[in-house]
Amino acid sequence: MIQVSVDGASRSIEADQRPTHLFSDNKEVVVCRINGVLKDLWTDLQEGDVVESILINSPDGLFVLRHSTAHVMAQAVQEVFADTKLGIGPPIKDGFYYDFDPKTPFNPDDLTKIESVMRKIVKDGQRFRRRVVTEKEALAELSHEPYKCELIGIKGPAGEEASVEVGGAELSIYDNLGRDGNPVWADLCRGPHLPSTKHIPAFKLMRSAAAYWRGSEKNPMLQRIYGTAWPSQDELNAHLELLAEAEKRDHRRLGTELDLFSFPEEIGSGLAVFHPKGGIIRRAMEDYSRKRHEEEDYEFVYSPHLTKAALFEKSGHLDWYSEGMYPPMIMDEELHADGTIKKPGQQYYMKPMNCPFHNLIFQARQRSYRELPLRLFEFGTVYRYEKSGVLHGITRARGFTQDDAHIYCTKEQMADELDSLLTFVLNLLRDYGLNDFYLELSTKNPEKFVGEDSDWQEATETLRKAAVAQKLELVLDEGGAAFYGPKISVQAKDAIGRTWQMSTIQVDFQLPQRFELEYSAADGSRQRPVMIHRALFGSIERFFGVLTEHYSGAFPPWLAPVQAVGIPVAEAFADYLADVIKQMKKAGIRAELDASDDRMQKKVRNAQMQKVPFMVIAGEEDMAAGAVSFRYRNGEQKNGIPIAQAIAEIQKTVAERTQV
RNA sequence: GCCUCUCUAGCUCAGUGGUAGAGCAGCGCACUUGUAAUGCGCAGGUCGUCAGUUCAAUCCUGACGGGGGGCUCCA
């Protein structure tokens with residue numbers, strides 16, 4: 001008999017009792033902590049051990065569930081495709097993946113096959129048995145698994161991507177034991193695992209894709225299969241529904257359905273055109289942003305989309321950003337008959353950033369400290385040659401417009417400026433309907449930076465203070481800053497909980513130097529200003545896409561392309577309603593009359609699918625009363641509203657930017 | 001950029017080695033009095049582009065282009 005502590009209670013148990021016996025009455029317990037370390041339920045117990053049960057639906061439990069499911073998948077893959085080599089297979093958010101090197105890449109039918117073999121393995125109830133091995137034994141046993149052998153070679157304290165395979169003090173192999181107790185499959189793994197495969201309640205393979213071995217472009221491509229695993233079928237279903245919901249509100253789909261924008265092939269990938277309805281939304285977004293920037297004392301500037309190379313040589317972009325730029329256009333070059341250059345041409349580039357132009361505006365004349373902070377704002381359209389594989393609708397494009405501003409201020413003004421800027425940013429985002437934020441502070445990368453340590457420290461500290469003052473969660477992105485200065489970014493969560501990086505606020509130590517920016521201080525000396533880059537939407541297109549998904553296309557009235565659509569109950573009331581719509585238009589409401597031959601039910605359906613916030617309906621009763629009826633997008637209705645009151649209600653929601 | 005899947009009418013998608021179909025949208029006509037699809041008819045595609053294989057290609061192969069999912073990167 002030995003004494004152990006089980007979930008806080010001291011117990012004396014037989015020495016051969018294991019946690020799986022102690023918790024046998026609760027099927028939800030799938031793993032445990034022994035003396036604070038996550039362990040299998042089959043682990044031998046020692047005198048004095050402190051054992052805590054871990055439920056399957058806890059973060060640790062889910063981690064183990066998903067990791068074990070990844071193992072089952074690997075086993076199934078090797079059963080179906082015997083020659084497949086194993087990479088790594090960690091748990092991730094909502095699921096897991098496993099990387100394989102198969103003879104031929106997987107196709108969707110293969111996933112179905114693999115999944116059905118997995119179900120068989122789960123039904124089999126194979127036990128996961130841990131076995132500690134030496135490096136030599138592991139290399140011998142896994143000689144046919146080159147990737148695993150490589151991992152054994154790099155086994156270290158915290159090899160991150162390899163941490164579920166190796167890592168920790170010892171190497172271990174997990175055997176899957178069949179019904180007869182004999183091993184049927186084995187994998188190098190640190191563990192821990194579920195007691196047996198039958199503890200996997202619900203899973204599904206999602207997709208196959210490629211991934212570089214150990215995440216580097218230089219390494220070979222492996223085939224990755226993603227899956228998801230949950231403590232119950234209901235939770236799996238809920239997860240699948242969430243994915244379906246995300247797909248329904250995908251801005252690329254809604255962009256077509258609501259006729260907002262498109263990507264004509266003739267223009268090129270990543271280059272969008274906005275249709276009239278998308279144009280209205282975009283203009284409403286820009287107009288409000290412009291108004292708020294005016295109130296915050298920004299000055300509006302414009303700059304061309306093209307520039308000679310000299311500007312980006314001066315800014316340094318051609319040194320460190322040329323890969324992200326479209327290649328130059330060469331103008332006025334003259335050649336000899338043999339093709340050699342007689343007169344070199346002038347190189348012009350599309351601009352990937354606006355800052356150098358704003359610096360030239362700053363420099364256009366002598367600046368005084370009295371002008372600072374000087375805030376130059378531009379809806380600046382930039383072009384970046386993004387790798388084709390990263391393009392994603394309007395949120396990741398090759399041509400886009402930043403709501404870009406550069407603030408030039410004194411060192412002493414920096415703290416106040418950053419503080420008020422952050423408040424401005426967050427309030428503006430809230431005005432657009434986003435309410436759930438956290439902040440990320442990216443600090444110096446000690447390997448790659450320009451500027452003085454003391455400046456970095458001061459700027460980082462100032463950013464941190466500004467962030468803390470917002471009382472939002474602050475995440476540290478250690479070493480994540482660009483080489484020219486620290487930054488804060490605002491991460492916003494949308495209506496279904498996804499996180500988007502929105503605004504960035506970045507201190508720059510490099511450009512003021514490269515451009516030799518100066519102002520005259522009160523004492524007559526020349527001083528270098530501090531430069532702050534900031535974009536609130538990031539890009540208008542991206543923000544447009546995020547809002548589209550956030551609202552699922554049902555924009556609040558102030559952004560909706562059509563705010564009200566008039567639907568007569570029958571043709572006889574069309575004239576009456578036409579007059580009402582006319583009054584609404586006169587009152588500044590984007591209203592239309594549906595005068596088509598469709599029946600009213602069909603018109604309601606059309607307006608519903610176009611997600612129009614106000615359906616203005618009129619029939620006999622309304623006409624007699626000089627009123628209209630509203631139908632809202634949620635199906636609710638309000639009848640007999642006097643015309644003036646109806647107009648006032650719409651105007652109010654628009655003015656207050658509320659959702660209906 | 002890399003891996004993989006994919007491209008048929010404006011949209012969503014069937015389909016076949018012998019040059020094509022549906023629903024919705026569009027157009028026309030008729031119909032239509034209370035909150036998510038009235039009926040009938042018409043029109044619409046050199047099946048992404050270019051090559052190759054074949055007696056014959058939308059279908060098979062290749063290259064290129066567009067799109068999706070990932071990796072890597074990022075506003």
Side-chain angles (χ1 to χ4, degrees), chain A residues 97 99 101 104-108 110 206-226 247 250 252-253 256-257 259 262-270 321 323-324 352-354 380 382 384-404 482 487 489 500-504 506 533-543 545-546 567-574 596-610 615-623 629-633 635-640:
Chain A
Y97 68 78
D99 286 344
D101 187 2
T104 54
F106 304 114
N107 62 40
D110 295 337
M206 303 304 288
R207 65 176 71 91
S208 66
Y212 297 106
W213 167 237
R214 300 184 57 215
S216 168
E217 273 181 293
K218 295 182 188 88
N219 287 337
M221 278 265 171
L222 301 184
Q223 296 298 312
R224 174 173 297 180
I225 301 179
Y226 285 92
E247 200 179 317
D250 188 312
R252 293 164 302 180
R253 174 204 272 247
T256 304
E257 285 176 3
D259 198 14
S262 61
F263 287 89
E265 211 179 300
E266 292 86 339
I267 302 179
S269 45
Y321 200 73
E323 274 196 12
M353 300 196 183
N354 302 302
V382 296
R384 300 185 185 173
Y385 196 78
E386 300 289 351
K387 292 177 180 179
S388 59
V390 308
L391 299 173
H392 184 87
I394 219 170
T395 58
R396 193 77 190 275
R398 283 183 173 160
F400 57 94
T401 303
Q402 295 179 305
D403 59 330
D404 206 3
K487 97 178 166 189
S489 58
W500 302 86
Q501 181 183 321
M502 309 289 354
S503 321
T504 56
Q506 177 128 34
H533 305 251
R534 39 111 293 169
L536 274 46
F537 297 161
S539 93
I540 296 172
E541 289 83 352
R542 167 176 287 183
F543 195 57
V546 170
I567 299 176
V569 167
E571 215 171 338
F573 314 106
S596 69
D597 286 343
D598 291 325
R599 283 167 159 68
M600 81 164 295
Q601 286 84 347
K602 181 62 179 297
K603 295 182 184 185
V604 167
R605 178 168 202 268
N606 286 343
Q608 192 80 43
M609 292 203 303
Q610 284 298 306
M615 283 173 235
V616 182
I617 296 171
E620 181 87 53
E621 292 165 33
D622 292 304
M623 189 162 79
S629 296
F630 276 163
R631 178 192 160 101
Y632 301 91
R633 287 182 291 216
E636 279 175 30
Q637 43 181 301
K638 201 194 275 182
N639 299 323

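The chains referred to below are lettered A, B, ... by the order of the sequence lines, with proteins before strands, and numbering in each begins at 1. Just so it is clear, the model here is predicted, and its values are computed rather than measured.
- The NZ-C1' distance, from A/K387 to B/G70, rounds to 14 Å in whole Å.
- Within 4.0 Å of A/V390, counting heavy atoms only, lies at least one base atom of the nucleic acid.
- The side chain of A/R599 places no N or O atom within less than 4.0 Å of a non-bridging phosphate oxygen (OP1 or OP2) of B/C31.
- What separates CG of A/L222 from P of B/G70 is a distance of 18 Å, to the nearest Å.
- Where A/I617 and A/Y212 meet RNA chain B, the nucleotide closest to each residue was compared, and A/Y212 sits on the side nearer the 5' end.
- Residues A/G635 and A/Y321 both approach RNA chain B. Their nearest nucleotides, taken by heavy-atom distance, put A/G635 toward the 5′ side.
- For A/I267 and B/G67, the CD1 to P distance is 12 Å, given to the nearest whole Å.
- Rounded to an integer number of Å, the gap from CZ of A/R398 to P of B/G67 is 8 Å.
- Counting heavy atoms from C-beta on, the side chains of A/S629 and A/Q637 never come closer than 4.5 Å.
- For A/E266 and B/G48, the CD to C1' distance is 11 Å, given to the nearest whole Å.
- At a threshold of 4.0 angstrom between heavy atoms, the contacts of A/R224 are confined to the sugar-phosphate backbone, with no base atom among them.
- For A/E257, the CD atom is densely surrounded, since the number of other residues' heavy atoms within 6.0 Å is greater than 12.
- A donor and an acceptor atom sit less than 3.5 Å apart, one in the side chain of A/Q637 and one in the base of B/U35.
- Base pairing annotation: B/U32 forms no Watson-Crick or G-U wobble pair, as no partner gives both donor-acceptor distances under 3.5 Å.
- Between A/T256 and B/C11 there is no side-chain polar atom (N or O) within less than 4.0 angstrom of OP1 or OP2.
- Of the N and O atoms on the side chains of A/Q608 and A/R631, at least one donor lies less than 3.5 Å from an acceptor on the other residue.
- One finds no side-chain N or O of A/S208 lying less than 4.0 angstrom from the OP1 or OP2 phosphate oxygen of B/G70.
- Residue contacts for A/S629: at a heavy-atom cut-off of 4.0 Å it reaches a base atom on one of the strands shown.
- Between the side chain of A/R207 and the main chain of A/R224, no donor-acceptor pair closer than 3.5 Å is present.
- Applying the 4.0 Å criterion to OP1 and OP2 of B/G1, one finds that A/S388 has a side-chain N or O inside that range.
- Nucleotide B/A25: unpaired (no Watson-Crick or G-U wobble partner with both distances less than 3.5 Å).
- What separates CD1 of A/I567 from P of B/U35 is a distance of 12 Å, to the nearest Å.
- An OP1 or OP2 oxygen of B/G70 is reached within less than 4.0 angstrom by a side-chain nitrogen or oxygen of A/R207.
- Heavy atoms of A/Y226 sit under 4.0 angstrom from primed sugar atoms or phosphate atoms, though from no base atom.
- Using the Watson-Crick or G-U wobble rule with both distances under 3.5 Å, B/G1 pairs with B/C71.
- The shortest distance between the side-chain N/O atoms of A/R252 and the OP1/OP2 oxygens of B/G69 is below 4.0 Å.
- Under the Watson-Crick or G-U wobble criterion, with both distances below 3.5 Å, B/U61 is paired with B/A51.
- Across all strands shown, B/U46 forms no Watson-Crick or G-U wobble pair with both distances under 3.5 Å.
- Rounding to whole angstrom units, CG of residue A/N219 and C1' of B/C3 are separated by 14 Å.
- With rounding to whole Å, A/F630 atom CZ is found 14 Å from B/U35 atom C1'.
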